[in-house]
There are 2 protein chains.
Amino acid sequence: MNARTGTTAAAPLLQASPGFAQDERGGCPIREVLDRVGDTWSILVIFNLQPGPMRFNALKRAIEGISQRMLTVTLRSLERDGLVSRTVRPTTPPEVEYALTELGHSIAVPIDALGVWAARNRDAMRMARSAFDTGA
Amino acid sequence: MNARTGTTAAAPLLQASPGFAQDERGGCPIREVLDRVGDTWSILVIFNLQPGPMRFNALKRAIEGISQRMLTVTLRSLERDGLVSRTVRPTTPPEVEYALTELGHSIAVPIDALGVWAARNRDAMRMARSAFDTGA
DNA sequence: CGGCATCCTCTAGGATACTG
DNA sequence: CAGTATCCTAGAGGATGCCG
């Protein structure tokens, strides 16, 4: 639970998009998901795991700029939420493979959609920004 | 973050999902979009603006827990990126209406998809979590 | 009403070092 | 290789007050 939202059960957390606004079982779903996957790295990790399982350091190399600590933390979090599975092969040195679960793959679909949008519209955003910065 | 502002074409910023990985025009698009919309409030604002334009305080009331400052900041950011438009009617007191632009509506689609996923799978996530916490 | 400006807190997350 | 542990800073973001 979030410190901001507290435990106010009656609060209309998000009434937009009637359908999955709040469903009286604990607030707005988007918010709940955002709280878990909305951090800096989760999306990128899911993104990278989509093609197939990866080992820890491979993942670390793939996601430019992530620290060892944050990769560990993020992976644990995703594992905890059932989005990623962790498989250890007791060789020496150990091999640990991370993979998307079925749930993980299912969330990867909308995330991919966002990626597609990003690829298509990044220029528009850039132009909007420089226009905004230039004058208005 | 790394100083990858240079034209170092060698860095594999994100090689997952070949198609919108990096397109040699400045790194991974998903990353760029995440940098702008991946904060705590942007998605929720877009979400709330989807049904129609809203005034500042209406928006503030709708998005439970957001501070005045953060709403202002977030709206400016979205406006800057061309996702939201701001219209002032010079009445007294002034009326300021925020609305999604066309670009804003277009990004709302994949965001909505995420919302749908959230509504459908939040229980699965919760169960996974308590299972993880219990022992596994 | 719809904002800025200021101050201050708190935590996400980087750097570094050590281990099985 | 794949982590854990510790330490520490930058910046996100809340609280408050003032203004057109």
Side-chain angles (χ1 to χ4, degrees), chain A residues 1-6 8 11 13 31 34-45 48-49 53-81 84-99 132 136, chain B residues 1-5 11 13 31 34-45 48-49 53-81 84-99 132 136:
Chain A
M1 180 59 73
N2 200 315
R4 293 183 300 275
T5 52
T8 324
L13 291 182
R31 201 133 178 183
L34 247 40
D35 277 350
R36 327 231 161 273
V37 157
D39 62 290
T40 312
W41 302 109
S42 290
I43 300 275
L44 290 172
V45 168
N48 274 270
L49 283 179
M54 276 203 208
R55 294 177 56 182
F56 186 88
N57 277 320
L59 217 37
K60 180 160 165 21
R61 260 173 273 119
I63 306 176
E64 234 247 3
I66 196 171
S67 66
Q68 197 173 44
R69 200 182 86 93
M70 285 320 292
L71 182 54
T72 304
V73 169
T74 303
L75 284 169
R76 287 286 173 280
S77 168
L78 293 174
E79 192 192 356
R80 187 178 176 223
D81 291 334
V84 159
S85 67
R86 178 175 182 273
T87 314
V88 188
R89 264 174 310 183
T91 59
T92 41
E95 280 184 36
V96 182
E97 227 176 46
Y98 291 92
F132 185 90
Chain B
M1 186 68 67
N2 198 333
R4 50 174 163 82
T5 35
L13 291 182
R31 201 133 178 184
L34 247 40
D35 277 349
R36 326 233 163 273
V37 157
D39 62 289
T40 313
W41 302 110
S42 290
I43 300 276
L44 290 172
V45 169
N48 274 269
L49 283 179
M54 276 203 208
R55 294 178 54 183
F56 187 87
N57 277 319
L59 217 37
K60 179 161 166 23
R61 261 173 274 119
I63 306 177
E64 234 248 5
I66 197 171
S67 67
Q68 197 174 46
R69 200 181 86 93
M70 284 321 292
L71 182 54
T72 304
V73 169
T74 303
L75 283 169
R76 287 288 173 277
S77 168
L78 293 174
E79 192 192 355
R80 187 178 178 224
D81 290 334
V84 160
S85 68
R86 178 175 181 270
T87 313
V88 186
R89 264 175 310 183
T91 60
T92 41
E95 282 183 35
V96 183
E97 227 177 47
Y98 292 93
F132 185 90

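Each chain gets a letter, A, B and so on, in the order its sequence line appears, and its residues count up from 1.
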Enquirer: With A:R55, which residues qualify under salt bridge (charged side-chain N to carboxylate O under 4.0 Å, His left out), at least two apart?
Expert: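 Scan of A:R55 (salt bridge (charged side-chain N to carboxylate O under 4.0 Å, His left out), adjacent residues dropped) gives A:E95.
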Enquirer: Checking B:S42 now: which residues fulfil side chain to side chain donor-acceptor pair (under 3.5 Å) with it, not counting sequence neighbours?
Expert: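 Partners of B:S42 under the side chain to side chain donor-acceptor pair (under 3.5 Å) test: B:D39.
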Enquirer: Rounded off to whole Å, could you give me the CG-to-P distance for the A:D35 and C:dT11 pair?
Expert: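 Distance, rounded to whole Å: 14 Å.
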Enquirer: Please answer whether the main-chain N or O of A:Q68 pairs with a side-chain N or O of A:T72 as donor and acceptor at a distance below 3.5 Å.
Expert: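 Present.
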Enquirer: Report the residues that fulfil side chain to side chain donor-acceptor pair (under 3.5 Å) with B:R69, sequence neighbours left out, ordered by chain and then residue number.
Expert: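 B:R69: no side chain to side chain donor-acceptor pair (under 3.5 Å) contacts found.
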Enquirer: Measure NZ/B:K60 against P/C:dG3 and give the value in whole Å, please.
Expert: 13 Å
Enquirer: What string of B, S and - do you get for nucleotides 15-20 of chain D 5' to 3' if you count protein non-hydrogen atoms under 4.0 Å?
Expert: B-B--B
Enquirer: Figure out the CG/P separation between A:L71 and C:dG14, and round it to whole Å.
Expert: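 Whole-Å distance recorded here is 11 Å.
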Enquirer: Figure out the CD/C1' separation between B:E79 and C:dG2, and round it to whole Å.
Expert: 13 Å
Enquirer: Partners of B:S85 by side chain to side chain donor-acceptor pair (under 3.5 Å), sequence neighbours excluded?
Expert: none
Enquirer: In this structure, how many angstroms lie between the P atom of C:dG14 and the CD atom of A:E64, rounded?
Expert: 12 Å
Enquirer: What nucleic acid atoms does B:R76 come within less than 4.0 Å of, heavy atoms only: base, sugar-phosphate, or nothing?
Expert: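 It contacts sugar-phosphate atoms only.
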Enquirer: Of the options C:dG2, D:dG3, D:dG14, whose atoms approach the side-chain atoms of B:M70 most closely?
Expert: D:dG14
Enquirer: Applying side chain to side chain donor-acceptor pair (under 3.5 Å), can you list everything that pairs with B:R80, at least two apart in sequence or on another chain?
Expert: A:D133
Enquirer: Is the phosphate of C:dC1, meaning OP1 or OP2, less than 4.0 Å from a side-chain N or O of B:Y98?
Expert: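 Result: no.
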Enquirer: Expressed as a whole number of angstroms, how long is the span from A:N57:CG to D:dC1:P?
Expert: 5 Å
